[in-house]
Amino acid sequence: MPGEALRQQLARAGAWLFAVGMVTGVWAALVLTAQMKVPIPRLALASHLNGILGGFWLITVAWTLELLRYGETGRRRLAVLVATAAWANWLITLIASVLGVRGLQYTADPANNVIAALLQVFVVLPSLLAAGVWAWGFGGRR
């Protein structure tokens, strides 16, 4: 059953992201207890939480795929969007925590600007699109 395989792949990606997010908690603990010095310690915690919450989002979308009005292609596209956004959010925030840049706006710092661009392209836009497509999929006919 193709739909079941997609659900399993997405749930597996969510479980792995959750696990990676938990391991990232070790990094967050080292940074927040000042055993490792970084310019913006809260970004380590943000990466940890992004992994955990992103994993939950992937598992939740996997669980609800059969409830959506989309066909197999639409569900696959949604899965790719959600997985890209969730994994990128964890990874880019982790890199930002090491670099000590927020990436929330463009500045004179090139490293910050790279993080800002990566966040916009791989996290913000895919997340907004995926959230809207997911919510829209619950209405109407299948």
Side-chain angles (χ1 to χ4, degrees), residues 1-36 38-107 109-142:
M1 184 179 264
E4 193 61 32
L6 179 62
R7 287 180 67 182
Q8 184 176 7
Q9 288 173 342
L10 195 57
R12 183 183 308 118
W16 276 110
L17 182 54
F18 181 87
V20 167
M22 293 297 288
V23 171
T24 307
V26 174
W27 168 247
L30 290 171
V31 168
L32 293 172
T33 58
Q35 293 178 31
M36 296 288 294
V38 296
I40 310 170
R42 289 188 186 149
L43 283 175
L45 180 60
S47 180
H48 166 60
L49 294 175
N50 284 345
I52 291 170
L53 294 174
F56 284 149
W57 190 23
L58 288 169
I59 292 167
T60 303
V61 171
W63 185 74
T64 61
L65 277 177
E66 297 302 316
L67 303 175
L68 303 176
R69 62 180 166 182
Y70 306 126
E72 189 61 32
T73 301
R75 291 176 185 162
R76 194 174 317 106
R77 288 176 182 162
L78 174 61
V80 168
L81 268 177
V82 173
T84 298
W87 277 95
N89 198 17
W90 164 76
L91 180 60
I92 295 167
T93 306
L94 179 64
I95 294 167
S97 77
V98 172
L99 296 176
V101 297
R102 287 185 177 88
L104 297 177
Q105 63 184 8
Y106 291 96
T107 66
D109 182 0
N112 178 76
N113 294 345
V114 168
I115 293 296
L118 289 172
L119 285 171
Q120 287 178 353
V121 171
F122 293 104
V123 179
V124 175
L125 295 176
S127 292
L128 291 172
L129 183 59
V133 167
W134 185 36
W136 182 264
F138 286 104
R141 291 188 224 164
R142 296 214 284 172

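All of these numbers come straight from a predicted model, not from anything done at the bench.
- Annotation: side chain of Thr107 is in contact with side chain of Asn113 (closest heavy-atom distance under 4.5 Å).
- Under the side chain to side chain donor-acceptor pair (under 3.5 Å) criterion, the residue pairs touching residues 22-32 are Thr24-Trp90, Trp27-Ser97, with sequence neighbours excluded.
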Practice task
Might you work through the side-chain contact (heavy atoms from CB on, under 4.5 Å) test for Leu32 and Leu45, ending with a clear yes or no?
Solution key: CA-CA 8 Å; Leu32 293 172; Leu45 180 60; 4.0 Å; yes

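- The nearest pair of heavy atoms linking Gly21 to His48 is O-ND1, 2.7 Å.
- Remark: Gln35 pairs with Thr33 by the side chain to side chain donor-acceptor pair (under 3.5 Å) rule, at least two apart or across chains.
- How far CZ of Arg7 is from OG1 of Thr64: 8.5 Å, rounded to the nearest 0.5 Å.
- Checked against side chain to side chain contact (heavy atoms under 4.5 Å, CB included), Leu125 has no partners two or more places apart in sequence or in another chain.
- With hydrogens and angles ignored, the 3.5 Å screen pairs a side-chain donor or acceptor of Tyr70 with a backbone N or O of Val133.
- The two residues Pro39 and Pro41 have their closest heavy-atom pair at O-CD, 3.5 Å.
- Rounding to the nearest 0.5 Å gives a distance of 11.0 Å between CD of Gln120 and CG of Leu128.
- Screening residues 53-62 for side chain to side chain donor-acceptor pair (under 3.5 Å), with sequence neighbours left out, gives no hits.
- In terms of the ring pair (Phe, Tyr, Trp, His ring centres under 6.0 Å) criterion, residue partners of Phe18 (sequence neighbours excluded) are, by chain and number, Phe56.
- Ser47 pairs in a side-chain contact (heavy atoms from CB on, under 4.5 Å) with only one of the listed residues (Ile52, Asn89, Leu94), which is Leu94.
- Nearest approach of Leu6 to Ala79, heavy atoms of both residues: CD1-CB, 3.9 Å.
- Trp87 approaches Leu17 most closely through the heavy-atom pair CZ2-N, 3.4 Å.
- For Val114, the side chain to side chain contact (heavy atoms under 4.5 Å, CB included) partners at least two apart in sequence or on another chain are Leu118.
- Not counting sequence neighbours, the partners of Leu104 by the side chain to side chain contact (heavy atoms under 4.5 Å, CB included) test are Arg102.
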Check: residues 8-15 side-chain donor-acceptor pairs under 3.5 Å, at least two apart:
none

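- Considering CD of Glu4 and CG of Leu65, their distance stands at 10.0 Å, rounded to 0.5 Å.
- Residues Val61 and Trp134 approach most closely at CG2-CE2, 3.7 Å, considering heavy atoms.
- Checked against side chain to side chain contact (heavy atoms under 4.5 Å, CB included), Ile115 has the following partners two or more places apart in sequence or in another chain: Ile92, Ile95, Ala96, Leu99, Val101, Leu119.
- Residues Ala130 and Leu78 come closest through the heavy atom pair O-CD1, 3.6 Å.
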